[in-house]
Amino acid sequence: MAQIIFLPNEDLCPEGLIIEAESGETVLDAALRNGIDIEHACEKSCACTTCHIVVREGFDSLEESDELEDDMLDKAWGLEPESRLSCQSAVADEDLVVEIPKYTINQVSEQH
């Protein structure tokens, strides 16, 4: 089991949060299970960029992104070299430090 340390996000977790995640669980599923409502407009199907995150520590422990995820990430707001889609990022055994960007390309929240 690994920890995911979410850095403070004004809207989703103002204080930041440290959660436990099972190996193989996606960052998005772990976040949702712990009350961090990361937007996911495509219902976790890798068809949008609303669940974009930046992995500040532990990036190399994640499996490499595939071509579909890379194509989606090209459209993400605030793309960085350590950007991933949280719906596609399965946790391994290493702890992660994650930043949720302030904005997405969605103009209206889906409110899942």
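In this chain, residues are counted from 1 in sequence order.
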My understanding is that only residues two or more places apart in sequence, or in another chain, count here; which of them pass side chain to side chain donor-acceptor pair (under 3.5 Å) with E80? R56
Could you list the residues that satisfy side chain to side chain donor-acceptor pair (under 3.5 Å) with D70, not counting sequence neighbours? S65
Does Q88 form a side chain to side chain contact (heavy atoms under 4.5 Å, CB included) with L68? I'd like the steps, not just the answer. CA-CA 10 Å; Q88 302 299 302; L68 178 59; over 6 Å; no
Could you list who else is in [X]'s hydrophobic cluster, with ILVMFWY side chains joined at under 4.5 Å, directly or through other members?
| X | value |
| --- | --- |
| M1 | none |
| L73 | M72, L79, L85 |
| I5 | L7, I18, V97 |

With sequence neighbours excluded, tell me which residues meet side chain to side chain contact (heavy atoms under 4.5 Å, CB included) with A47. C42, S45
Checking P8 now: which residues fulfil side chain to side chain contact (heavy atoms under 4.5 Å, CB included) with it, not counting sequence neighbours? none
Pairwise salt bridge (Lys or Arg N to Asp or Glu O under 4.0 Å) hits with a residue in [range], at least two apart:
| range | answer |
| --- | --- |
| residues 3-22 | E10-K102 |
| residues 83-98 | E69-R84 |
| residues 25-34 | E25-R33, D29-K44 |

Show the nearest heavy-atom pair for residues [X] and [Y], with the distance to one decimal.
| X | Y | result |
| --- | --- | --- |
| S83 | G78 | OG-O, 4.3 Å |
| I38 | T50 | CG2-O, 4.3 Å |
| C51 | L28 | CB-CD2, 4.4 Å |
| V91 | A21 | CG2-CB, 4.0 Å |

Any chance you could measure [X], atom [atom1], to [Y], atom [atom2], to the nearest 0.5 Å?
| X | Y | atom1 | atom2 | value |
| --- | --- | --- | --- | --- |
| I36 | L17 | CD1 | CG | 4.5 Å |
| E39 | C48 | CD | SG | 7.5 Å |
| I100 | L12 | CD1 | CG | 5.0 Å |

Do C87 and T26 make a side-chain contact, defined as non-hydrogen atoms from C-beta onward lying under 4.5 Å apart? no
Hey, is the main chain of I19 close enough, under 3.5 Å, to the side chain of N34 for a donor-acceptor pair? no
Residue pairs passing the ring pair (Phe, Tyr, Trp, His ring centres under 6.0 Å) test with at least one member in residues 9-32, sequence neighbours excluded, are none
Does anything in residues 47-104 form a ring pair (Phe, Tyr, Trp, His ring centres under 6.0 Å)? List the pairs, not counting sequence neighbours. W77-Y103
Same apolar cluster: V54 and V98, side chain cutoff 4.5 Å: no
